[in-house]
Amino acid sequence: MARCGGTGDVKEPDDSIREVVASIWDAANEKAGGKLCAVQAVQVLGYKTQVVAGTNYFVKAKCGDGESDHVHLRIFKGFDGKSQLHGLRLDHKLDDPLEYFEG
């Protein structure tokens with residue numbers, strides 16, 4: 001159960017979160033120096049949410065075939081419906097916990 005201002009449990013991905021990730025993928029790839037896979041190849045594995053003045057999404061995604069080809073994304077979606085990449089962590093593994101992080 002989420003506490004006020006905290007993140008909830010990891011949720012199974014759905015089409016809605018896949019659309020959010022797709023909308024910021026170019027920005028994520030640019031921030032990663034062009035090292036990420038094409039948006040069509042990314043696999044969203046799970047996500048957490050945090051309600052603020054909008055919603056922060058903390059997303060775990062797989063982008064490649066290697067053990068360390070997982071990324072953690074922090075995405076802010078405002079009440080206007082626009083999504084922005086607010087943070088990116090590269091070189092994660094499948095078993096690395098999805099936790100709150102700053103940009």
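On a predicted model such as this, the values are computed, not experimentally measured, just so you know.
The shortest heavy-atom contact between Phe101 and His72 is CZ-O, 3.7 Å. Listed here is the closest heavy atom pair of Asp96 and Lys93: OD2-N, 2.8 Å. Considering all non-hydrogen atoms of both residues, Trp25 and Cys63 come closest at CZ2-SG, 3.8 Å. Ala61 and Val42 get closest at one heavy-atom pair: CB-CG2, 3.8 Å. Nearest heavy-atom pair, His86 versus Gln84, reported as atom, atom and distance to 0.1 Å: NE2-OE1, 3.1 Å. Heavy-atom minimum distance, Thr55 versus Val52: N-CG2, 4.3 Å.
In this structure the side chain of Leu45 never reaches within 4.5 angstrom of the side chain of Val59, judged on heavy atoms. With a 4.5 Å cut-off on side-chain heavy atoms, Tyr47 and Asp14 count as touching. Proximity of Tyr57 to Val20: side-chain heavy atoms (C-beta onward) are separated by under 4.5 Å at one or more points.
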Exercise. Applying side chain to side chain contact (heavy atoms under 4.5 Å, CB included), run through Asn56 and Ile75 and close with a yes or a no.
Key: CA-CA 6 Å; Asn56 282 324; Ile75 304 165; over 6 Å; no
Exercise. Could you walk me through whether Phe76 and Leu85 pass the side chain to side chain contact (heavy atoms under 4.5 Å, CB included) test, one step at a time?
Key: CA-CA 6 Å; Phe76 173 76; Leu85 178 68; over 6 Å; no
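The pair Asp15-Arg18 meets the salt-bridge criterion, with a side-chain N (NZ, NE, NH1 or NH2) lying under 4.0 Å from an Asp/Glu carboxylate O.
Residue Leu88 forms a side-chain contact (heavy atoms from CB on, under 4.5 Å) with just one option from Leu73, Ile24, Asn29, and that option is Leu73.
With sequence neighbours left out, the salt bridge (charged side-chain N to carboxylate O under 4.0 Å, His left out) criterion links Glu102 to Arg74. In this structure, the side-chain contact (heavy atoms from CB on, under 4.5 Å) partners of Lys48, at least two apart in sequence or on a different chain, are Thr7, Val10, Phe58, Leu98. Every residue two or more places apart in sequence or in another chain was checked for a salt bridge (charged side-chain N to carboxylate O under 4.0 Å, His left out) with Glu30, and none qualifies.
With rounding to the nearest 0.5 angstrom, the CD atom of Glu99 is 11.5 Å from the CZ atom of Arg89. Of the inter-residue distances, the one linking Gln43 atom CD with Lys62 atom NZ reads 7.0 Å to the nearest 0.5 angstrom. Rounding to the nearest 0.5 Å gives a distance of 10.0 Å between OG of Ser83 and CD of Glu19.
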